[in-house]
Amino acid sequence: MTWKPLASVADVPSGNVKACRIDNIPIALYNLDGEFFATHDICTHAHACLSDGYLEDGKIECPMHQGVFDVRTGKALSGPVDVDIQTFAVRIDGDEVQVDVE
Ligand code: FES
């Protein structure tokens, strides 16, 4: 595993999503009630940033055509999306959120 710093814990308040980038990979970082998750930021349907979408109940709704993904698993749930979104392992080290990008 290759853990890389993505953001500070304080950068993403509970219930929010933040656009980040590591090694030119766009990543959406989610805080679900203090638990952090990360997915690829670009929707699998077309070129829209999930970090601009609507986060509720552990699901992110794409802002372009309202496709919905499970933030924890990356599973495509509804709307025009039928390809799951890539997820990344996340860990907290002090006040730093790190992801495994391998
Ligand atoms: Fe995300 Fe179409 S671009 S649902």
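Order of listing sets the numbers, starting from 1, for every ligand and every atom in it.
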| field | salt bridge (Lys or Arg N to Asp or Glu O under 4.0 Å) against Lys75, all qualifying residues, sequence neighbours excluded | value | none
| request: Could you give me a count of protein N/O/S atoms that are under 2.8 Å from atom 2 (Fe) of ligand 1? | output: 2
| Closest non-hydrogen atom pair between Ile60 and Gly53, with its separation | CD1-C, 3.9 Å
| message | Restricting to non-hydrogen atoms, name the atom on Ala28 and the atom on Asp41 that form the minimum distance, rounded to 0.1 Å. | response | CB-OD1, 3.5 Å
| said: Looking at every heavy atom in both Leu29 and Ala7, which two are closest together, and how far apart are they? | reply: CD2-CB, 3.8 Å
| request: Using the test salt bridge (Lys or Arg N to Asp or Glu O under 4.0 Å), find all partners of Asp57 that sit at least two apart in sequence or belong to another chain. | output: none
| field | Pairs flagged by ring-ring contact (aromatic ring centres under 6.0 Å, His included) wherever residues 19-64 is involved - sequence neighbours left out | value | His45-His65
